[in-house]
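Take a look at the structure below.
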Amino acid sequence: MARTRRPISRRSQGWLLLAQVAVILPLASHCTPWTLAILALCLLWRLGIFFGRVARPPRLLVNLLGLGALITLGLVVSQVGMLSALINLLVLAYGLKTIEIRHHGDLSVVVLTGYFLIALHGLNRFDPAAALQILICFWLNTQVLVSVYRPGPLSAGPRLAAKMVLLSVPLALLLFVLVPRIGPLWQMHGSQTARTGLSETLALGDIARLGRSSELAFRASFEGDAPAPEHLYWRALVLDRFDGERWQASPPQAAMHRIPRSEGQNYTLTVQPSTQTWLATLTPSSSLDNRLGVLQNGRQVWLSAPAQRQQVALTWHRGERPFTPLTNSERLHYLSLPSHGNPQSRQWARALLQQHAQPEAMVQAVLDHLRREPFHYTLTPPPLGQQQIDSFLFDTRSGFCGHYASALVFLARSAGIPARMITGYQGGDLSPDQQLMSVYQYNAHAWVEVHLPGRGWVSVDPTAAVAPSRVEQGPEVALADEAAFLSESTGLLRWHQWPLARTLHRYLGVLDHRWSQWVLGFDTRRQQALWQDWFGQVRIWDLALVMATGIGLVALFQAWLLGLWRWPKAKPQALRHYQKAQALLRRHGLGPQPGEAAGPYAQRVGRQCPPIANAIQQLTECYLAQRFDPNQAPDRQALRQALRALKARLPAQRWGFSPRSSTSRT
């Protein structure tokens with residue numbers, strides 16, 4: 001107990017400050033403003049104690065701060081949720097306990113609380129960067145304890161703390177593989193990880209804002225070669241209602257049947273957490289995953305929004321989109337427009353219809369017009385007037401994909417052609433090994449589907465008529481001269497014009513995908529499959545035995561590396577023979593004295609027992625020569641003969657005493 005009452009050294013206080021900042025910062029998004037204010041006060045007070053400017057606060061002040069924080073949390077718990085409230089409570093205890101530390105026992109409580117808080121860092125995200133961050137926090141927190149209980153050189157403590165943390169990784173891997181998976185005990189509703197770039201409503205400039213972001217939308221891995229860029233249209237939302245300013249999606253209706261799973265190209269999507277249920281897929285795609293459903297408009301949707309990264313297997317049926325005739329009500333719905341507005345566009349559409357009686361020819365005439373006239377593809381189009389479609393087509397002639405798609409749908413409907421707007425993503429960034437495609441928010445895109453007689457719904461991309469490079473080479477090329485492109489990016493893609501940054505970003509994307517596959521995607525199904533590969537029939541006793549054996553082996557390995565346990569080293573042969581001689585002489589009362597060297601010991605034994613003087617002297621000289629002379633070759637036979645000669649010359653009686661047995665050993 002006296003050990004825990006020792007005061008905290010200045011070095012330990014410094015490490016504690018660093019550890020606390022590293023532990024608290026990743027959890028700041030879960031903390032209320034009142035919690036953050038109290039934490040800042042505690043850290044500043046601890047900093048003052050470190051520099052010797054202030055004393056520890058009175059216990060009454062600490063209790064009042066804690067009581068005020070509890071009252072505030074009780075008032076806002078319904079707004080932040082129970083989990084965030086518990087995190088706030090733990091963080092407050094961590095901060096308040098810090099400023100009343102007096103001895104090592106208090107410090108141990110703070111450090112143990114820090115370990116619990118570090119474990120909460122994986123709530124928002126758990127990618128390779130987050131795992132590295134957690135390891136660093138564990139190292140800093142462990143270093144606080146090392147600085148207390150293993151004082152020494154300044155550089156020795158961090159090395160020992162790093163070794164202890166790294167040695168815990170094998171045990172963590174073992175538990176990760178063998179401990180059965182259970183479902184989450186809670187869901188982080190409304191967390192920052194659940195976000196999406198697309199929306200079920202769209203104004204003409206909305207998608208342009210996504211071109212400023214490099215946030216990941218999803219990743220796709222294909223069996224075989226990835227499709228060509230002109231086929232990479234990831235269909236997510238169908239916007240079919242227009243009020244003159246915004247496009248909106250109709251309430252979803254479930255389909256009566258799924259697309260049959262026939263031959264096609266299999267691919268796997270790894271999607272980011274989202275509060276939305278839509279899923280961006282190639283058209284048409286099918287899946288047997290029971291987490292997905294299909295709507296009447298062909299969209300694949302989640303039955304419940306993915307609260308964490310999810311992997312789903314699909315099949316792309318290229319060229320197999322079935323012909324679906326429209327009912328009268330559906331036809332009227334896909335032709336509906338506001339009763340007034342955009343008169344120039346309506347008049348131009350009727351004129352085109354007179355020149356081109358076939359719907360397909362009329363749509364092609366619009367594309368030719370966009371391709372021929374000086375239209376400009378840009379992230380920063382000029383503002384539009386009250387008649388948005390007219391203003392875009394006849395005045396500004398500058399816009400992003402949403403402008404062109406909206407204009408084409410309006411013109412098609414004005415000419416009596418059923419049409420709807422599709423939003424999703426186009427293209428993607430292939431990894432260096434060409435096996436993985438990453439789709440980011442700046443790949444967000446809008447295009448059109450028109451319903452043609454005898455063909456059904458056909459995709460048309462008016463943006464490709466204005467800026468073909470957008471489809472063929474991606475937004476990085478089409479928007480290379482746009483200052484706004486990726487202006488809100490915070491990662492490596494902010495320097496997308498540098499080839500090294502793009503290459504490094506792609507390799508990091510591959511690493512993140514592998515992490516999603518083997519760490520985040522290691523669910524109950526994959527775990528049980530691994531167990532069956534290892535053990536065949538999975539039994540709980542087999543798992544318990546393997547886990548106990550593994551933990552024991554890891555513990556022994558850690559003890560060996562930390563120097564807590566060593567295999568006994570084999571003794572040199574010369575030393576073993578000499579120790580046998582000492583044991584033999586000890587039984588005759590002639591054992592060595594503490595600290596007595598071999599030479600003086602041989603001389604003393606020779607004086608006490610003259611019959612063995614020559615034998616002990618010869619044995620000692622042979623031992624010293626073979627033990628310490630580097631030029632002397634080992635000679636087992638010489639030592640054995642010397643030991644045998646010593647045994648033969650020992651008297652039947654010990655010198656001056658009666659023998660222990662009636663017969664002498666020769």
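For the single chain, residues carry numbers from 1 onward in sequence order.
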What are the two closest non-hydrogen atoms of D512 and P128, and how far apart are they?
OD1-CD, 3.6 Å

Using only atom types and a distance under 3.5 Å, with no angle test, would you say the side chain of N141 pairs donor to acceptor with the backbone of V111?
yes

Check: P158 main-chain N/O paired with W139 side-chain donor or acceptor under 3.5 Å
yes

Just checking, any donor-acceptor pair under 3.5 angstrom between side chains of T35 and N88?
yes

Indicate the atoms forming the closest heavy-atom contact of L96 with I38, along with that distance.
CD2-CG2, 3.9 Å

Please report the C-alpha distance between T268 and V312 in whole Å, then the side-chain angles of each, then the deciding distance to 0.1 Å, and finally whether the side-chain contact (heavy atoms from CB on, under 4.5 Å) criterion is met.
CA-CA 6 Å; T268 301; V312 58; over 6 Å; no

Taking the inter-plane angle between the rings of Y578 and Y601 on a 0 to 90° scale, is it parallel (under 30°), tilted (30 to 60°) or perpendicular (over 60°)?
perpendicular

Step-by-step side-chain contact (heavy atoms from CB on, under 4.5 Å) determination, Q272 to E215:
CA-CA 10 Å; Q272 295 295 98; E215 186 178 345; over 6 Å; no

Measure the spacing between CD1 of I87 and OH of Y94 and express it to the nearest 0.5 Å.
15.0 Å

Find out whether S431 and M437 are in side-chain contact, i.e. whether some heavy atom of one side chain is under 4.5 Å from a heavy atom of the other.
no

Listed partners of T270 passing side chain to side chain donor-acceptor pair (under 3.5 Å), at least two apart:
Q311

What is the distance from atom CG of L117 to atom CG of L112, rounded to the nearest 0.5 Å?
11.5 Å

Heavy-atom closest pair (L36 atom, C31 atom, distance to 0.1 Å) is CD2-CB, 3.7 Å

Are V110 and D106 packed together at the side-chain level, in the sense that at least one heavy-atom pair is separated by less than 4.5 angstrom?
no

Rounding to 0.5 Å, atoms OH (Y507) and CG (L511) come to a distance of 12.5 Å

Between R219 and D429, does a salt bridge (charged side-chain N to carboxylate O under 4.0 Å, His left out) hold up when you go through it step by step?
CA-CA 9 Å; R219 289 193 170 97; D429 189 17; over 6 Å; no

Please evaluate residues S147 and R11 with respect to the criterion side chain to side chain donor-acceptor pair (under 3.5 Å), reporting the C-alpha separation (whole Å), side-chain torsions for both, the decisive distance (0.1 Å), and the verdict.
CA-CA 7 Å; S147 67; R11 180 186 299 179; over 6 Å; no

Value for CG (L90) from CG (L86), rounded to nearest 0.5 Å, stands at 8.5 Å

Heavy-atom check, side chain of L590 versus side chain of Q608, under 4.5 Å
yes

Mind listing the closest non-hydrogen atom pair of R586 and P592 along with its distance?
NH2-CD, 3.6 Å

Evaluate whether atom OH of Y115 has more than 12 neighbouring non-hydrogen atoms of other residues, nucleotides or ligands under 6.0 angstrom away.
yes

Donor-acceptor contacts under 3.5 Å from residues 609-621 side chains, at least two apart:
| residue | atom | partner | partner atom | Å |
| --- | --- | --- | --- | --- |
| Q617 | NE2 | E621 | OE2 | 3.3 |
| T620 | OG1 | I616 | O | 2.7 |

Rounded to the nearest 0.5 Å, what separates atom CD in Q133 from atom CD1 in I136?
8.0 Å

Would you check if the side chain of H121 reaches a backbone N or O of I24 as a donor-acceptor pair within less than 3.5 Å?
no

Walk me through it: do V146 and M164 pass the test side-chain contact (heavy atoms from CB on, under 4.5 Å)?
CA-CA 10 Å; V146 171; M164 294 173 67; 4.1 Å; yes

Looking at C137 and A22, what are the two nearest heavy atoms and their distance?
SG-O, 3.4 Å

Separation between SG (C42) and NZ (K97), nearest 0.5 Å, reads 12.5 Å

Is a side-chain N or O of Q582 found less than 3.5 angstrom from the main chain of Q579, in a donor-acceptor match?
no

L584 versus H588, closest heavy-atom pair with distance
O-ND1, 3.1 Å

Is any side-chain heavy atom of V271 closer than 4.5 Å to a side-chain heavy atom of R309?
no

